[in-house]
Protein chains: 2
Amino acid sequence: MARPRKADSPDIPNRAVTAALSLLAERDGPDFTLAEVARAVGCSVPAFYNHFRDKNALLRAVHDAGFHRLHDDKLALAARTEGSALDRLRAGGHAYMAFALENPALYRLMFSPPPSSDLEDGPLAHDLGRRCLDLLTRAVADSQKTGALPGQDPAVVAFTLWSAVHGAASLILQDRAPEDTASRREAARIPVETLMALITASL
Amino acid sequence: MARPRKADSPDIPNRAVTAALSLLAERDGPDFTLAEVARAVGCSVPAFYNHFRDKNALLRAVHDAGFHRLHDDKLALAARTEGSALDRLRAGGHAYMAFALENPALYRLMFSPPPSSDLEDGPLAHDLGRRCLDLLTRAVADSQKTGALPGQDPAVVAFTLWSAVHGAASLILQDRAPEDTASRREAARIPVETLMALITASL
DNA sequence: CCAGATAACTGAATGGCATTAAATTAATTT
DNA sequence: AAATTAATTTAATGCCATTCAGTTATCTGG
């Protein structure tokens, strides 16, 4: 099916994803039109359909690209940071919030996954999110070795912490943080520190 | 502007909201068409525009109705439950998760608010969510009187807890809970209990 | 009860946008 | 170089929100 294209061929799929990422970054809303993507890529709209089943397929590709970025650019970096296990947990939390605030539209897309009209749904998307969660689970397990969170299942704690930072990011991006927080950056810092305080209180 | 209508008039706005709530409950996706709403209400599509500026205005009304339900049917009830402050906190958490699981499409709409093409944006929507958050803040403050969470700002803790349950609900509705949880109900129970364990550990 | 004003309603456009269809061009194979 | 296949394009098609122009119902004051 995927006949090799001419070497200097525009490589429409990658360029479409890149263009969509740019459009998401420019606008605040998650809505761009296929015509815009096609114009940015330099092809006509129907040509797009030779590379993606439909618009949702593109959105899902962008969704996956977002998780790759989150994992590689932020979380993996934070996990490699010097310091105690709890420090890495804190760094990961702040890195996560920073990613959400820097890429609001992309973040929203990553967590309002477009309906998969495709049969092979779960595998990749699931694995990508899973890899991010695994990073977190490991940090939790390491923290437990230092005495924190005694007797808890690290996977359960990791999911709860992920829920908390995701929920906070989601609410802040909707301007639903308490109105007395001066800036989004501050609103994003507070829940992470509060969670860390809860965790250290269990020592 | 709002000329009083004939007494037996169909009261299109309320019926439209009710119809939209039904459609959201039936379908899983958040997408219904104005024609469907109009048919359920028993009027033509353009008649709809005499009562709502546009479709987003209806979505915002449904959004608000969702917060009313959440507050009145669930959270206020849980806040009145017998038991210690921590028990009420736990009951509120479970009630919140139950609401999300029972009304998935409505819940998603409540937390992906449609763009407000209306100038008077924030007040009501904000106040409704705020009232829910206030309930939670009060429960946290009461819990602190019994020695939990010493030295923390109750408003900050409340927002963090809300973030956590909202994030968990959001992830579970996307089938992003760890795949080893047997059912959604169980997946919804676990994060609330984990948070309660963290809180009681601070005693 | 009636004439005029005003609001609510309806069927028929309009227009944006995703998706398809039919036809054309380019590339690859033999 | 002819034939097969893939990639692309222009021109539909269709769904749906929104708007128009005209019509009917309701209310007001005489």
Side-chain angles (χ1 to χ4, degrees), chain A residues 1-17 19-20 22-24 26-27 29-63 105 109 112-119, chain B residues 1-20 22-24 26-63 105 109 112-119:
Chain A
M1 175 191 286
R3 178 83 72 91
R5 283 180 295 282
K6 231 175 82 177
D8 63 332
S9 164
D11 186 12
I12 290 183
N14 277 322
R15 293 169 47 139
V17 171
S22 301
L23 289 170
L24 281 183
E26 287 169 19
R27 301 168 173 26
D31 293 332
F32 53 82
T33 186
L34 277 192
E36 294 174 309
V37 174
R39 190 152 35 76
V41 167
C43 72
S44 71
V45 173
F48 169 90
Y49 284 87
N50 290 322
H51 306 276
F52 294 92
R53 178 187 297 281
D54 55 16
K55 189 183 185 180
N56 282 336
L58 172 62
L59 291 179
R60 238 164 309 134
V62 175
H63 159 284
L109 172 61
S112 341
S116 64
S117 49
D118 218 337
L119 295 185
Chain B
M1 176 190 287
R3 177 82 73 90
R5 281 180 298 281
K6 231 175 83 178
D8 64 333
S9 165
D11 187 11
I12 290 184
N14 277 322
R15 293 169 49 137
V17 171
T18 305
S22 301
L23 288 170
L24 280 183
E26 289 169 18
R27 301 168 174 26
D28 208 52
D31 293 334
F32 53 82
T33 186
L34 277 192
E36 293 174 310
V37 175
R39 190 153 34 76
V41 168
C43 73
S44 72
V45 174
F48 169 90
Y49 285 87
N50 290 323
H51 306 276
F52 294 92
R53 177 185 299 281
D54 55 16
K55 189 183 186 182
N56 282 336
L58 171 62
L59 292 179
R60 238 164 308 133
V62 175
H63 159 283
L109 173 60
S112 342
S116 64
S117 50
D118 218 337
L119 295 184

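These numbers come from a predicted model, not from an experiment. Naming convention: chains lettered A, B, ... in sequence-line order (proteins, then strands); numbering from 1 in each chain.
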Check: residues 35-49 of chain A side-chain donor-acceptor pairs under 3.5 Å, at least two apart:
residue, atom, partner, partner atom, Å
A:Glu36, OE1, A:Arg27, NH2, 3.2
A:Glu36, OE1, A:Thr33, N, 2.8
A:Glu36, OE2, A:Arg27, NH2, 2.1

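Heavy-atom minimum distance, A:Lys55 versus A:Leu34: CG-CD2, 4.0 Å. Closest heavy-atom contact between A:Phe52 and A:Ala16: CE1-CB, 3.9 Å.
In this structure, CG of A:Asn50 is placed 14 Å from C1' of C:dT24, rounded to the nearest angstrom.
Within the helix from C:dC1-D:dG30 to C:dT30-D:dA1, the inter-axis angle between the opening and closing five-pair segments is 10°, rounded to 10°.
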query: Could you run down nucleotides 11-22 of chain D 5' to 3' and tag each one B, S or - for protein heavy-atom contact under 4.0 Å?
result: B----SSBB---

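Regarding contacts with the backbone of D:dA7, every side-chain N or O of A:His51 stays at 4.0 angstrom or more from both OP1 and OP2.
Atom CG of B:Leu59 is separated from atom CZ of B:Phe32 by 5.0 Å, given to the nearest 0.5 angstrom. Summarising the geometry, atom CZ belonging to A:Arg60 is positioned 6.5 Å from atom CG belonging to A:Asp54; distances are rounded to the nearest 0.5 Å.
Legend: residues meeting side-chain contact (heavy atoms from CB on, under 4.5 Å) with B:Ala105, ordered by chain and number and at least two apart, are B:Leu24. For B:Asp31, there are no side chain to side chain donor-acceptor pair (under 3.5 Å) partners, not counting sequence neighbours.
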